[in-house]
2 protein chains.
Amino acid sequence: MANANPSRTQRPSRRASSSAPSLPVVSAVEQVDTSYLQTLLGYNARRAALTIIEGFLERMAEFGLRPVDFSVMSVIQHNPGVTSRQLCAALNLLPPNLVGLIQSLETRGLIHRLPHPTDGRAVGLHPTPEGAALMQKAEQAATDLEEARSARLTAAQRKTLLELLQKIYL
Amino acid sequence: MANANPSRTQRPSRRASSSAPSLPVVSAVEQVDTSYLQTLLGYNARRAALTIIEGFLERMAEFGLRPVDFSVMSVIQHNPGVTSRQLCAALNLLPPNLVGLIQSLETRGLIHRLPHPTDGRAVGLHPTPEGAALMQKAEQAATDLEEARSARLTAAQRKTLLELLQKIYL
DNA sequence: TATTGTTATACTCTATAACTATA
DNA sequence: TATAGTTATAGAGTATAACAATA
């Protein structure tokens with residue numbers, strides 16, 4: 001695939017005495033062509049993810065939850081007693097980056113940490129009533145946001161998109 | 001959607017004399033349930049993007065190009081004379097973050113900066129022969145990587161995925 | 001010996017405000 | 001007055017190495 005954007009703005013640049021007029025050294029671009037990048041899954045997935053997350057950030061500010069906070073709280077909500085290690089494996093996070101996040105959630109009273117029933121090294125993470133109530137609202141808001149975000153997709157297209165994305169990372 | 005993961009490891013915890021045995025306070029999670037998160041476009045798009053980019057980083061290390069470097073060079077390659085401002089708009093980057101990147105590409109001899117033909121404030125970015133040659137190889141490698149990455153997708157599914165992602169961010 | 005959770009730390013990425021030169 | 005490019009800087013996100021406690 002060669003340069004697919006031949007439309008340039010060119011100054012008249014009347015050169016003096018040239019039977020075969022040489023091309024101008026400099027040229028300007030009228031419309032930027034990104035058609036090559038648009039053939040790449042990585043580029044499109046990244047752009048789409050960032051666009052969605054942008055709206056997510058605004059909507060979730062009310063709950064004080066950034067994307068990773070949200071996903072961590074959601075997993076704890078649906079898996080009370082889950083350990084940090086399990087969270088890392090499920091969400092592809094690194095343990096050191098989870099420590100401060102967990103502490104913050106505990107300080108806010110959204111979760112509490114209880115000893116693991118069988119493994120003395122591990123700690124089970126449980127939602128507090130406040131945390132559970134917050135997540136019920138937050139997940140509803142996230143689901144509402146999904147519908148707004150995918151307004152340009154049919155329900156079937158949205159389902160297809162989810163399935164195809166999961167084929168990539170699962 | 002309530003808790004869809006009832007499978008817990010529970011210690012027998014034989015309580016003393018209780019006709020209605022109370023549930024254990026602590027419980028462990030056997031398998032982490034992420035089914036709610038998997039209904040969200042943002043979560044899936046982000047996970048997929050990060051998975052793809054992980055492979056991209058490894059493959060492109062040979063060319064010394066990170067994802068943003070690659071996309072910037074690709075746009076310059078296909079749009080010689082493009083300005084920083086146009087790059088920012090096309091790739092959703094912020095001007096201050098592009099400055100160091102452009103300088104680095106110029107220092108490496110991959111691009112050169114020429115005065116804009118009509119706007120004295122702007123600078124046109126052009127690939128050097130070395131930059132153009134590098135990008136020809138890098139884009140071929142990226143395209144090869146795409147095929148490997150989407151091995152679990154049919155050609156039609158891959159096309160569908162690209163189109164649906166573009167409906168999200170374009 | 002391997003694993004869970006933690007600390008310290010470094011590096012990258014992204015975002016904001018303010019300045020200059022030109023349109 | 002508005003725009004292109006730049007500088008300085010702050011903040012968030014992500015990465016590795018090493019340690020204590022427990023399996």
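Below, read A as the first sequence line, B as the second, and so on, with proteins coming before strands; counting in each chain starts at 1. The structure presented is a predicted model; accordingly, all values stated were derived computationally and were not measured.
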> Once each nucleotide of nucleotides 14-23 of chain C is scored for protein heavy atoms under 4.0 Å, what B/S/- sequence comes out, 5' to 3'?
Replying inline: BBBB----BS

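Atom CD of A:E106 is separated from atom P of C:dG5 by 13 Å (rounded to the nearest Å). One interatomic measurement links the two molecules: CZ of A:R85 to P of C:dT6, which rounds to 11 Å at whole-angstrom precision. Computed from coordinates, the A:L98 CG to C:dG5 C1' distance equals 10 Å when rounded to whole Å. Nucleotide D:dA4 holds its P atom 15 Å from the CD1 atom of B:I102, rounded to whole Å. Between B:R113 atom CZ and D:dA4 atom P there is a gap of 15 Å when expressed in whole angstrom units. Between the P atom of D:dA23 and the NE2 atom of A:H116 lies a distance of 11 Å, rounded to the nearest Å. What separates CG of A:L101 from P of D:dT14 is a distance of 11 Å, to the nearest Å. Between the CG atom of A:L114 and the P atom of C:dG5 there is a distance of 13 Å, given to the nearest Å.
Residues A:Q77 and A:P80 come closest through the heavy atom pair O-CD, 3.7 Å. Across A:L87 and A:V75, no two heavy atoms sit closer than the pair CD2-CG1, 3.4 Å. Nearest heavy-atom pair, B:L98 versus B:S84, reported as atom, atom and distance to 0.1 Å: CD2-O, 3.6 Å.
Residue A:Q103 places no side-chain N or O under 4.0 Å from the OP1 or OP2 atom of C:dG5. Distances shown here put a side-chain N or O of A:R66 below 4.0 Å from the OP1 or OP2 atom of D:dG13.
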> So B:Y43 and A:L91, side chain to side chain contact (heavy atoms under 4.5 Å, CB included) or not? Walk me through it.
Replying inline: CA-CA 10 Å; B:Y43 175 77; A:L91 300 176; 3.7 Å; yes

>> Determine whether B:I102 and B:V72 satisfy the following criterion, side chain to side chain contact (heavy atoms under 4.5 Å, CB included), listing intermediate values before the conclusion.
In response: CA-CA 9 Å; B:I102 295 292; B:V72 165; 4.3 Å; yes

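Taking the six-membered ring where the residue is Trp, B:F56 and B:F70 present perpendicular rings, their angle passing 60° and hence far from 30°.
The side chain of B:P95 lies closest to D:dT6 when the candidates are D:dT6, D:dA4, C:dT6.
At a threshold of 4.5 Å between non-hydrogen side-chain atoms, the residues A:L134 and A:E130 do not count as touching.
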